[in-house]
Amino acid sequence: MSSLNSLIVDSISRELDVCALRHEAYSANIANASVPGYERLEVMTSSPVNVGAMPSAQLLHTHDAVKLDQEMAKLSKNAVRYETLLTAYQQTTSILNLAIKEGKGA
Amino acid sequence: MSMFRVLDISSAGLSVEQARLEAASTNLANANTTRTKDGVMYQPLAVVVSSQAIDGTTSLLQKPVVTDVISTSSEPRLVYEPGHPDANEKGFVTKPGVDTLSTMMDLMSISRSYEANLRVFDITRTLLQKTLEVGSRS
């Protein structure tokens, strides 16, 4: 039980980090959209997020120019994903909290 | 918290777009200027923007900065206006080489970029706020 919970919390927080990095990359792309010769950044993840697997993420230059509308769409999608993960994190910790309080109180 | 850097990047984007807006509107406003204080013809301004690394980081993340505002040496326009006090002996007035159409297009793209940066700033703020709220309700 305890190891399962910490695995869930771990993978959610790792994926939150990846999402935050992706948000940084897309924001930088949008800010630099009007700079001539700027190459857009993308976050590459090496492995899909399984419970217990450790995804490693890194920033890379793709060799294409920034398209403002597509970048905006990607950023919004990523922001929703981030909020979803936050909610999942909160749900998991509130279950843990319930167990800590022996089911008493909210 | 690395996400705070995004706010810096977005505001750098906002100030770059503002500089481009200033240059574009100055060019448009002076499209029909025939005299200047120092006697030379008004030259359209251009903003040079480049990306630079955020202070103190080696990350690939870059923010845009205005490197320079330069006067371009575009060919002046000759407009036939015989009654104009600044017309030459053939009736032509020399006006700055401002390309009004492409400047208007620039204005549109500046406006879109500014809006996009503002939106990103807002989204980042919301995400940070939500992150801060984690733990406060459970």
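Just the heavy atoms: all of them, side chains too, but no hydrogens, waters or symmetry mates, feed the values below.
- Note on B:Val65 and B:Leu7: separate hydrophobic clusters, where clusters join Ile, Leu, Val, Met, Phe, Trp and Tyr whose side-chain heavy atoms are under 4.5 Å apart, directly or indirectly.
- Neither the backbone nor the side chain of A:Leu21 comes within contact range of chain B, judged by heavy atoms closer than 4.5 Å.
- Most heavy-atom pairs under 4.5 Å with chain A, from the set B:Thr124, B:Leu14, B:Val16: that is B:Thr124.
- Residues of residues 25-36 of chain A that come closer than 4.5 Å to chain B, counting heavy atoms only, are A:Ala25, A:Ser27, A:Ala28, A:Ile30, A:Ala31, A:Asn32, A:Ser34, A:Val35, A:Pro36, ordered by residue number.
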Could you go through B:Gln62 and A:Tyr38, starting from their C-alpha distance and side-chain angles, then the distance that decides it, and tell me whether this counts as side-chain contact (heavy atoms from CB on, under 4.5 Å)? CA-CA 10 Å; B:Gln62 290 174 318; A:Tyr38 178 80; 3.8 Å; yes
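- Taking 4.5 Å as the heavy-atom cut-off, the residues of residues 35-52 of chain B that approach chain A are B:Val49, B:Ser50, B:Ser51, ordered by number.
- Taking CZ from B:Arg5 and NE2 from A:His23, the interatomic distance works out to 12.0 Å, rounded to the nearest 0.5 Å.
- Heavy atoms only, all atoms of each residue included: A:Leu59 and B:Leu61 are closest at CD1-CG, 3.9 Å.
- Applying a 4.5 Å heavy-atom cutoff, the residues of residues 113-123 of chain B that approach chain A are B:Ser113, B:Ala116, B:Asn117, B:Arg119, B:Val120, B:Ile123.
- For residues 81-104 of chain B, the set of pairs meeting the ring-ring contact (aromatic ring centres under 6.0 Å, His included) definition, not counting sequence neighbours, comprises B:Tyr80-B:Phe92.
- Taking CD of A:Gln58 as the start and CG of B:Leu60 as the end, the distance is 9.0 Å to the nearest 0.5 Å.
- Looking at B:Arg112, both its backbone and its side chain come within 4.5 Å of chain A, counting heavy atoms on both sides.
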